[in-house]
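Report on one structure; see the data block that follows.
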Amino acid sequence: MPYLAKIVHGSQLIVHRLSMQNHSSKNKIRLSDNFDPKAIESKWPFGKAQGKQDYDPGVIEPKWQKVWEEERLYQPDIKRSKNPFYNLMMFPYPSALGLHVGNIYAFVGSDIHGRFKRMQGFEVFEPIGLDGFGIHSENFALKVGEHPMDLSKKTESAIYAQLRAIGNGFAWFHKLETYISDYYKWTQWIFIQLFKRGLAYRAEADVNWCPSCKTVLADEQVVRKSEARNQISEKSEIRNPKSEIWVCERCGTEVQKRKLEQWFFKITNYTDRLLLGLEKIDWSEKVKVAQRNWLGKSEGLLLKFESDIESYSQVEVFTTRPDTLFGVTFMALAPEHPQVIKILDKSKGLLRLQIQKYVTDSIRKPESERIGLAEAENQKAREVVKTGIKTSFHCTNPVTGKRVPIFIADYVLMSYGTGAVMGVPAHDQRDYLFARKYQIDIVEVVKPAGPVGSFPPDTRTAHQISQQTFTDYGVLVNSGEFNGLNSQEAIKAISDFAVKKGFGVKKVMWHLRDWIISRQRYWGAPIPMIFCQSCEKAGKSWFTTVEAKKQKKLPISSHEMAGWPASNTSRSDAGWYPVPESGLPVELPYIKNFKPTGTGVSPLATDPNFVKVKCPDCGSEARRETDVSDTFLDSAWYFLRYPSVSLPENSANQQVSRSVNQSISKSADRKVSKSEIPAYRNAEKQIHRHSEFSENLPWDRQITKRWLPVDMYIGGAEHSVLHILYSRFLWKVFYDFGYFDFSAKNPNGQLGGPAKMPASGWEEPFSKFRAHGLLISEGAKMSKSKGNVVLPDPYIEKFGADTLRTYLMFCGRFSEGGDFRDTGIEGMHRFLKRVWRLVMSAGPVTTFPPASAQSSQPSKPSQSSEPFDLRAVGGPSSRATRISSGALHLMHKTIKKVSEDIENLRYNTAIAAIMEWVGTLEKRAVGSSELIDQRQGRKELRTMNYELITQEEVRTLLLLLAPFAPYMTEELWSRLAGNQVTGASGKNKSGKPSSIHNTPWPKYDPKVSESEKIELVVQVNGKVRDRIIVDRGIEKEDTQRLVLDLKNTQKYVSGKKPKKVIFVKDRLINIVI
RNA sequence: GCCGAAGUGGCGGAACUGGCAGACGCGUAGCUCUCAAAAAGCUAUGGACCUUGCGUCCAUGUGGGUUCGACUCCCACCUUCGGCACCA
């Protein structure tokens, strides 16, 4: 028996029984605020069969979670996928017991894109894992007073439970945690491969040292004092952000530098390729810029200045401004400069003592003091004071032949360039300040360009003028034969001259330094190296072994000057051996007192069982390296591992994996018990067997070829330099080592099926990267100290994950972030409830022509605007299946908008478009319903006239909404389909159950998505005076004729002849008088 | 200091390649339903003005400019947020 169930707004609900028999008042629900779904259920034709009618995320979300996991809905066929799409989101690092909404925001944004791609027919691989090793997690453990190994189990289950609840389409079988030895075994393996090829080396370097905590700090643990200061005092008279003092994140003590032996990765061998690669990839522009800056390529000239320190000795300097060479009036050496020792040797008496004192003092000084911020002469012009000491030696300016004094000055950094600077006080701010202090000559050699007298339009800022330095390019003066050239020409000419005369070489300098890999901490992957003292004495190392001699030599590009002068890092390989690969993993021992030792040595050194080992070469007593590797190494290759984490082949009689077990027990609250997730059994055991690939690699070549490079990588902009740069570096290393099978020759990958051919080529791991914005809370960045960290759990509890997801995406443009507010999320919940009601009412009924609808009297015009008049839409019989052209247009327009917006990660406007469309659908559903007065002023709603929502519209609506609200749309979809999605029957082409989430994304017809009629703007002299509705595509002449008749337009034109008429097709006409 | 992004109602934010500023949502006000409240719905909502209209004027950080027309492009400045920084 056909029923018409019709929802009007909110709880004002009417059920019509379409059959004329039994048409009694019983079947009408009186319009009442006391809407009780239970009371209505008996009258609801679908209610009994399919459960409760109102939207209850607390029930449907756990239900679908379970179904999706059982059905492996989000598990692509990793080995045979024909149309792979690798949708990657940066995995989280646990630094709290759970994730906050800011993290959730990022994951949801990535998931929506993945779901969209899946519906577009791609087999989407969306893996998840935990970056659980490292400083953040260790600090969290220190803070809560638990051992990181124990704590990691808790955070793991908590985070996985959250990530499950949020409704993302993760391929859970591929999850990985960096602190599980099955993973870090390979992290160690990677270290060894780099060592064997000379890309990992040991050298002395400066590290951050906190004298209060007595520990070495990683760079990330060192923060600017200004950050700490904000909390101390709100008085912001200290407005100069330049007064940067670096302090310990935890105790606020100023950090010092200490020299310690460290392990390095020779990333500087790859500077050129890292820079060039940026050209090809589709990344957020700001991330590319950040990487370029970090690489910091600068081209210049390496110059030799003759010096009288010793006979025939020279001082090398690097400059990007050879055009200022004639203005050199002094030479400044860093206190650590190798020649300083000779200067000391040759100096005498008091001067010698003074130099010695200066050098030792400045080397010992903490960074900030060395940078030396002085009190301002006036409040605004604070400046850095330069200190230095004059020596008795001189250099000769190679072009002027003048002798200039050599200074030792600590504003010169040993870590950049050659550790020596040619002083050009007239054209360098620092040199100027130094020269002024030590009464050094200032010789101007560059003048601002432009005709004399036509100034001020020179490019100097007021500040520069007041400091009497001109640092921009200009025209040369006082420069001999080069006078009159502009700076660009002079740079070239003087460089050529220097090269020709033999005192200069063109050089490229980089900002990028080698990557310090070692950390003197506990919670990380032990560096798999062994040191043997007797081998060291014998001058032996792995490089003297037979194995080493067989090692293929890598074509290593030479970057001798790559920002890393050898003088600062003397490599010391002697005595070092990698742990034999059969000995991997080097398990991280459980050390009770894992706190940083304060001696600059990792806590691992306190475990003799760990340290003591036999030398793999000579067999004598040796010791293990006790440093652990930087977390960035763990995360630099995880995306390569994901696809190759194997699937369990069968799920029977195995133990449930530890971590899955935990997350399930956590999620038991949400009505999913572990017995209900057979698919998760055995995950860990299988992972353990994982990739004993025929060849000893952390990944399967064929799988890797199929899935990589990553198609879409989404993550925070804060990782846009280090993490992504390191990943790119390692990728290139693996590529060079021959660990991939990508090949231009064999793009179709006969061995492993279709390899993807990314536009960016094979040498980049992430074809596309987009940085998401920052979600703030109540107008401020979420931080524990501000106490405005928002957790997702209460919101999921209250409104469901769908509401939270959709709301988060509605907060603002995904790339820009947004502001999370409580009141906003309620609005989104309202919206989803409206959709629910609309679909529940409109959906099932549309297959039945509403026989009674036409029998109602024609309506009076309703007070609400009615966009589509029923009378214009053909006969009643056509209503159920046919859609009016206006409605069709709106649908296609919405599909177009939503499709384009999701593609471009503009989720906020996609949601807005859906909302708009839902609004019009609702109005149509209401039609000209009106309230009819009955006795005693009681009112009853009777539906008089309306246009039904077609099945196609309902389908489309659900499909468009599916990426945002996956649970709700799945539930409604299954109800509409009248079958359980999980039914064995319903499998789609890819063999997945016919869930809404692998139903094809709706298509739009570009013609239909444009309306036939458009509103054209009528302007007179550029001001809007009228609007007119015309046919799309109307021509200028016709428009003009129409427009001149308009009343308001006439008022302004008033018969005058237009000077000019501007016509923009389908947009506006502008009459200029 | 350098690099990057941004500045729009009471609030979050829309606005394509220069073409209707304020979509969508929140909030607020009035109304409907109710004994009442909640929920839900309807209407209005940048400011000013009057002659209340298919009305006019002013409005997108500030000041200029280009243009028939500027949130959008150009110049200068102010502010905020990210990143880098004695990088020679």
Side-chain angles (χ1 to χ4, degrees), chain A residues 8-12 31-35 241-242 244 285-287 289-290 292-294 296 298 300 317-321 324 332 370-372 384 386 409-413 415-418 420-424 428-431 433-434 461 463 509-511 563 717-718 720-721 773-774 776 779 781 807 810-813 815-816 818-828 830-831 833-834 837 863-864 900 906 908-909 911-916 919 926 931 938-939 1015-1027 1046-1049 1051 1059-1062 1064 1067-1068 1070-1073:
Chain A
V8 186
H9 286 99
S11 55
Q12 297 166 341
L31 196 67
S32 159
D33 283 348
N34 290 322
F35 168 58
K242 275 166 277 186
E244 299 304 352
E285 196 51 37
K286 62 177 171 183
V287 174
V289 169
R292 266 186 215 115
N293 289 345
W294 190 261
S298 61
V317 295
F318 176 78
T319 181
T320 54
R321 294 294 301 273
T324 63
R370 181 152 169 190
I371 288 169
V384 174
K386 313 290 173 202
D410 64 5
Y411 81 90
V412 181
L413 303 178
S415 52
Y416 187 78
T418 61
V421 164
M422 61 179 213
V424 188
D428 183 280
Q429 183 66 16
R430 296 152 301 179
D431 295 347
L433 292 171
F434 190 79
T461 64
H463 180 70
M509 196 69 71
W510 299 83
H511 169 244
E718 70 272 21
S720 56
V721 176
L774 194 70
I776 59 174
K781 190 174 172 176
Y807 174 62
F810 188 63
C811 278
R813 196 177 292 185
S815 58
E816 303 296 320
D819 195 354
F820 186 94
R821 281 166 203 249
D822 273 12
T823 52
I825 194 166
E826 282 170 29
M828 187 54 75
R830 274 203 286 274
F831 169 69
K833 283 195 286 189
R834 275 164 55 206
R837 280 183 222 120
Q863 69 273 53
S864 64
E900 289 170 356
R906 293 156 70 128
N908 55 336
T909 48
I911 294 166
I914 297 173
M915 284 175 161
E916 244 180 308
V926 175
L931 293 167
R938 292 201 157 179
K939 290 174 182 176
E1015 197 180 51
L1016 196 88
V1017 171
V1018 183
Q1019 294 184 339
V1020 181
N1021 286 337
K1023 296 213 175 206
V1024 181
R1025 296 303 178 188
D1026 261 312
R1027 294 180 181 92
L1046 295 169
K1047 195 171 134 197
N1048 205 42
T1049 308
K1051 201 162 97 189
K1059 273 188 209 153
K1060 197 164 157 189
V1061 175
I1062 284 124
V1064 183
R1067 264 187 210 282
L1068 66 75
N1070 185 10
I1071 298 160
V1072 187
I1073 343 176

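Chain A is the first sequence line, chain B the second, and so forth, proteins listed ahead of strands; every chain is numbered from 1.
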RNA chain B in dot-bracket, Watson-Crick or G-U pairs under 3.5 Å, [ ] crossing, | other strand?
(((((((..(((......[....)))((((((.......))))))(((((..).))))..(((((..]....))))))))))))....
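- Residue A:G423 comes nearest to A:D431 through the heavy atom pair CA-OD2, 3.5 Å, listed as atom of the first residue, atom of the second, then distance.
- What separates CZ of A:R837 from P of B:A40 is a distance of 7 Å, to the nearest Å.
- Put simply, the side chain of A:M828 reaches to within 4.5 Å of the side chain of A:I911, judged on heavy atoms.
- Counting any heavy atom pair closer than 4.0 Å across all strands shown, A:N908 reaches sugar-phosphate atoms only and no base atom.
- Taking only side-chain nitrogens and oxygens, A:R1067 never comes nearer than 4.0 Å to OP1 or OP2 of B:C16.
- Between A:H511 and A:W294, the ring-plane angle classifies as perpendicular under the 30° and 60° cut-offs.
- If you take CZ of A:R821 and P of B:G25, they are 18 Å apart, rounded to a whole angstrom.
- Comparing the C1' positions of B:U52 and B:C11 gives a spacing of 30 Å, expressed to the nearest Å.
- A straight line from CG of A:L774 to C1' of B:C81 spans 10 Å, rounded to a whole angstrom.
- Nucleotides B:G61 and B:G7 place their P atoms 7 Å apart, quoted to the nearest Å.
- Whole-Å rounding puts the A:I776 CD1 to B:G7 P distance at 14 Å.
- Each of B:G27, B:G12, B:C24 was ranked by its minimum atom distance to the side chain of A:T823; first place goes to B:G27.
- B:G25 and B:C75: their C1' atoms are spaced 38 Å apart (whole Å).
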Between the protein and nucleotides 65-68 of chain B, list the N/O to N/O atom pairs that are separated by less than 3.5 angstrom.
| from | atom 1 | to | atom 2 | distance (Å) |
| --- | --- | --- | --- | --- |
| B:C68 | OP1 | A:K1060 | NZ | 3.3 |
| B:C68 | O2 | A:N1070 | ND2 | 2.3 |

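- With contacts defined as side-chain heavy-atom distances shorter than 4.5 Å, the pair A:I776/A:D819 qualifies.
- Taking only side-chain nitrogens and oxygens, A:R430 comes nearer than 4.0 Å to OP1 or OP2 of B:C87.
- Nearer to the 5' terminus of RNA chain B, by closest-nucleotide assignment, is the contact made by A:G812 (compared with the other of A:T319 and A:G812).
- Residue A:V289 is in sugar-phosphate contact alone, with no base atom involved, counting any heavy-atom pair closer than 4.0 Å across all strands shown.
- If you take NE2 of A:H511 and P of B:G83, they are 15 Å apart, rounded to a whole angstrom.
- Counting heavy atoms from C-beta outward, A:M509 and A:T320 have side chains that stay 4.5 Å or more apart.
- Separating the P atom of B:A38 from that of B:G19 is a span of 45 Å, rounded to the nearest Å.
- Between B:C16 and B:G22, the distance separating the two P atoms is 13 Å to the nearest Å.
- For the pair A:R813 and A:E826, both in contact range of RNA chain B, the more 5′-proximal nearest nucleotide belongs to A:R813.
- Distances were taken from every side-chain heavy atom of A:V1024 (C-beta onward) to each of B:A23, B:C20, B:U56; the shortest belongs to B:C20.
- Regarding A:E285, its CD atom lies at a distance of 10 Å from the C1' atom of B:G4, rounded to whole Å.
- A:G827 comes within 4.0 angstrom of sugar-phosphate atoms only, judged by non-hydrogen atoms across all strands, and of no base.
- Using atom P as the reference point in both B:A70 and B:C58, the two lie 12 Å apart (nearest Å).
- Across all their heavy atoms, A:I1062 and A:V1072 have their closest contact at CD1-CG2, 4.1 Å.
- Checked by atom type and distance alone, the side chain of A:Y807 pairs as donor or acceptor with a backbone atom of A:R821 at under 3.5 Å.
- As rounded to the nearest Å, B:C50 and B:G55 have C1' atoms that lie 9 Å from one another.
- Rounded to an integer number of Å, the gap from A:E900 CD to B:U17 C1' is 14 Å.
- For the C1' atom pair drawn from B:A15 and B:C24, the interatomic distance equals 12 Å after rounding to whole Å.
- In this structure, B:C54 shows a glycosidic angle within 90 degrees of zero, which is the syn conformation.
- Smallest separation of non-hydrogen atoms from A:A332 and A:V412: CB-CG2, 3.7 Å.
- When every heavy atom of A:F820 is checked against every heavy atom of A:I825, the shortest pair comes out as CZ-CD1, 4.3 Å.
- Across every non-hydrogen atom of A:M422 and A:T324, the tightest pair is CE-OG1, 3.8 Å.
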Does the pair A:N908 and A:R906 meet the rule for a side-chain contact (heavy atoms from CB on, under 4.5 Å), with working shown?
CA-CA 6 Å; A:N908 55 336; A:R906 293 156 70 128; 4.2 Å; yes
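- Separating the CD atom of A:E718 from the P atom of B:A5 is a distance of 18 Å, rounded to the nearest angstrom.
- If you check B:C24, B:A14, B:C3 against the side chain of A:N293, the one that comes closest is B:C3.
- Nearest to the side-chain atoms of A:R1025 among the listed nucleotides B:A14, B:C57, B:G4 stands B:C57.
- Look at A:R906 and you'll find a side-chain N or O under 4.0 angstrom from OP1 or OP2 of B:A15.
- Taking side-chain N and O atoms only, A:R292 has no distance below 4.0 Å to OP1 or OP2 of B:C2.
- Put simply, the side chain of A:V421 does not reach to within 4.5 Å of the side chain of A:Y416, judged on heavy atoms.
- Considering only side-chain atoms of A:T909, the nucleotide from B:C24, B:A14, B:G25 that sits closest is B:A14.
- Base orientation for B:G9: syn, the chi torsion being within 90° of 0.
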